[in-house]
Amino acid sequence: MQIVCLDLEGVLIPEIWVAFSEKTGVSDLTRTTRDEPDYQKLMLYRLDILERHGFTLKQIQDLVEDLEPLPGALQFLDEVRKHFEVILLSDTFREFSGPLIKKLNFPTLFCHELEVREGSIVDVRIRLPDHKRKTVQYLQKLNFKVVAAGDSYNDMGMLKTADFCMLFNPPEQLVKEYPDISVAREYDHLLSFIKNPK
């Protein structure tokens, strides 16, 4: 039996931190897992910026309410879910993702949580270090064939562990570093791969 594991941000929805950077004008927040392979280091960097500027969780949540899935993402995901079970494996946070998950018709999402005090984000609660790769491993132990797709450095453990994998709209640096992994730039290409992985 096949199960599909997909990244969320950059694959199905816009990058939340980039959108927040554009809204606030704080360009330092454009740094994502496409740029920084060390997720813990990236989150400490982001939390420091939030604290320095006095940004609150509600400000980010208000932004997320107005975001829409990437063009074609909902139709793509609906089509995949007609044929396979899908789990979104993301390094986003439960406190951010609600409105966008609703717009995607409530797929299963495994992600992290935030520690919030008086409206400010003070820390992150990582579900499990390297949770994307470990989720794929446990699904394989349950006798699933795993097909995975992602776009960033934090997806590489998941992709390299999956039975079949594809990068979706990755930065060119990632394509150069992992020339053995196929790349899709359109949902139709990714959908064809998922239906007939090889």
ask   = Are Leu89 and Val11 grouped together when hydrophobic residues (ILVMFWY) are joined by side-chain heavy atoms under 4.5 angstrom apart?
value = no
request  = Output yes when a side-chain donor or acceptor of Lys134 lies under 3.5 Å from a complementary backbone atom of Pro129, and no otherwise.
outcome  = yes
query = How close do Met158 and Cys5 get, heavy atom to heavy atom, and via which atoms?
reply = SD-CB, 4.1 Å
note = Rounding to 0.5 Å, atoms CZ (Phe84) and CD1 (Ile3) come to a distance of 11.0 Å
task = Examine Phe164 together with Phe193 and report whether their ring centres are nearer than 6.0 Å.
result = no
query = Short question: side chain of Glu113, backbone of Arg94 - any donor-acceptor pair under 3.5 Å?
reply = no
message = Donor-acceptor check, side chain of Ser152 to backbone of Asn154, threshold 3.5 angstrom: yes or no?
response = no
key: Arg127 side chain to His112 backbone, donor-acceptor under 3.5 Å   = no
task = Check whether Phe20 and Ile49 end up in the same hydrophobic cluster, where Ile, Leu, Val, Met, Phe, Trp and Tyr are linked by side-chain heavy atoms less than 4.5 Å apart.
result = yes
ask   = Around atom NZ of Lys58, are there more than 12 heavy atoms of other residues, nucleotides or ligands at under 6.0 Å?
value = no
message = Within this structure, what is the CG-NZ distance for the pair Leu29 and Lys23, rounded to the nearest 0.5 Å?
response = 13.0 Å
Pairwise side-chain contact, Leu190 with Met166, heavy-atom cut-off 4.5 Å (strictly under) = yes
Pair Trp17 + Tyr45: ring centers closer than 6.0 Å = no
Student check: side-chain heavy atoms of Leu100 and Leu67 closer than 4.5 Å = yes
key: Beyond-backbone contact of Leu167 with Leu174, side-chain heavy atoms, under 4.5 angstrom   = yes
query = From Met43 CE over to Asp48 CG, what is the distance, rounded to the nearest 0.5 angstrom?
reply = 11.5 Å
inquiry  = Any non-hydrogen side-chain atom of Phe106 less than 4.5 Å from a side-chain atom of Lys102?
reply    = yes
note = NZ of Lys145 to CG of Asp163, rounded to nearest 0.5 Å, is 4.5 Å
message = I'd like to know whether CD of Gln61 has more than 12 heavy-atom contacts from other residues, nucleotides or ligands below 6.0 angstrom.
response = yes
ask   = Is there a path of hydrophobic side-chain contacts, each under 4.5 Å between heavy atoms of I, L, V, M, F, W or Y residues, that connects Leu42 with Leu44?
value = no
task = Flag the pair Glu79 and Arg81 as a salt bridge only when some basic side-chain nitrogen lies within less than 4.0 angstrom of an acidic carboxylate oxygen.
result = no
ask   = Taking the side chain as C-beta and beyond, is there a heavy-atom pair between Ser120 and Leu57 under 4.5 Å?
value = no
task = May I ask whether Leu12 and Phe110 are part of the same hydrophobic cluster, defined by side-chain heavy atoms of I, L, V, M, F, W, Y residues being less than 4.5 angstrom apart, directly or through others?
result = no
inquiry  = Using a 3.5 Å distance criterion without hydrogens, assess whether the side chain of His131 forms a donor-acceptor pair with backbone atoms of Ile126.
reply    = no
query = Any side-chain heavy-atom pair from Asn105 and Leu77 closer than 4.5 angstrom?
reply = no
query = How close do Gly157 and Thr161 get, heavy atom to heavy atom, and via which atoms?
reply = O-OG1, 2.7 Å
request  = If a pair satisfies side-chain hydrogen bond (donor to acceptor under 3.5 Å, both in side chains) and one of its residues is in residues 182-194, list it, with sequence neighbours excluded.
outcome  = Glu172-Arg185
message = So does Glu65 get a backbone contact from the side chain of Lys103, meaning a donor-acceptor N/O pair under 3.5 Å?
response = yes
message = Assess the residue pair Phe96 and Glu9 against the criterion (side-chain contact (heavy atoms from CB on, under 4.5 Å)); give the C-alpha distance rounded to whole Å, side-chain angles, the decisive distance to 0.1 Å, and a yes or no.
response = CA-CA 11 Å; Phe96 291 176; Glu9 292 182 66; 5.8 Å; no
request  = Using a strict 4.0 Å threshold on nitrogen-to-oxygen distance, state whether Lys132 and Asp7 make a salt bridge.
outcome  = yes
note = Thr30 meets the side chain to side chain contact (heavy atoms under 4.5 Å, CB included) criterion, sequence neighbours left out, with Ser21
Whether over 12 other heavy atoms sit under 6.0 Å from Arg117 CZ = no
inquiry  = Can you tell me how the ring of His53 sits relative to the ring of Phe55, calling it parallel under 30°, perpendicular over 60° and tilted otherwise?
reply    = parallel
task = Flag the pair Ile60 / Ile121 as yes when at least one side-chain heavy-atom distance between them is below 4.5 Å, and no otherwise.
result = yes
ask   = Less than 4.0 Å between a side-chain N and a carboxylate O, is that true for Asp78 and Lys82?
value = no
task = Measure across Leu159 and Gly150 and return the closest heavy-atom pair with its distance rounded to 0.1 Å.
result = CD2-N, 3.7 Å
message = If the test is side-chain contact (heavy atoms from CB on, under 4.5 Å), which one of Thr92, Ile16, Ile13 qualifies with Val64?
response = Ile16
query = Measuring from Leu109:CG to Leu88:CG, what's the distance to the nearest 0.5 Å?
reply = 5.5 Å
key: Exercise: do Asn169 and Asp151 side chains pair donor with acceptor under 3.5 Å   = no
message = Are Leu47 and Val122 linked, directly or through intermediate hydrophobic residues, by side-chain heavy-atom contacts shorter than 4.5 Å (ILVMFWY only)?
response = no
message = Between Leu8 and Asp91, is there a side-chain heavy-atom distance shorter than 4.5 Å?
response = no
note = To the nearest 0.5 Å, atom CD1 of Ile87 lies from atom CD of Glu85 at 8.0 Å
task = For residues Ala162 and Val146, report the shortest heavy-atom separation together with the two atoms involved.
result = CB-O, 3.6 Å
message = A quick test of your reading: do over 12 heavy atoms of other residues, nucleotides or ligands sit less than 6.0 Å from CG of Asn196?
response = yes
task = Specify the closest pair of heavy atoms between Pro197 and Val147, including all atoms of both residues, with the distance to one decimal.
result = CG-CG2, 4.0 Å
message = One pair to check against side-chain contact (heavy atoms from CB on, under 4.5 Å): Gln2 and Ile194. What are the steps and the verdict?
response = CA-CA 9 Å; Gln2 180 173 310; Ile194 289 171; 4.0 Å; yes
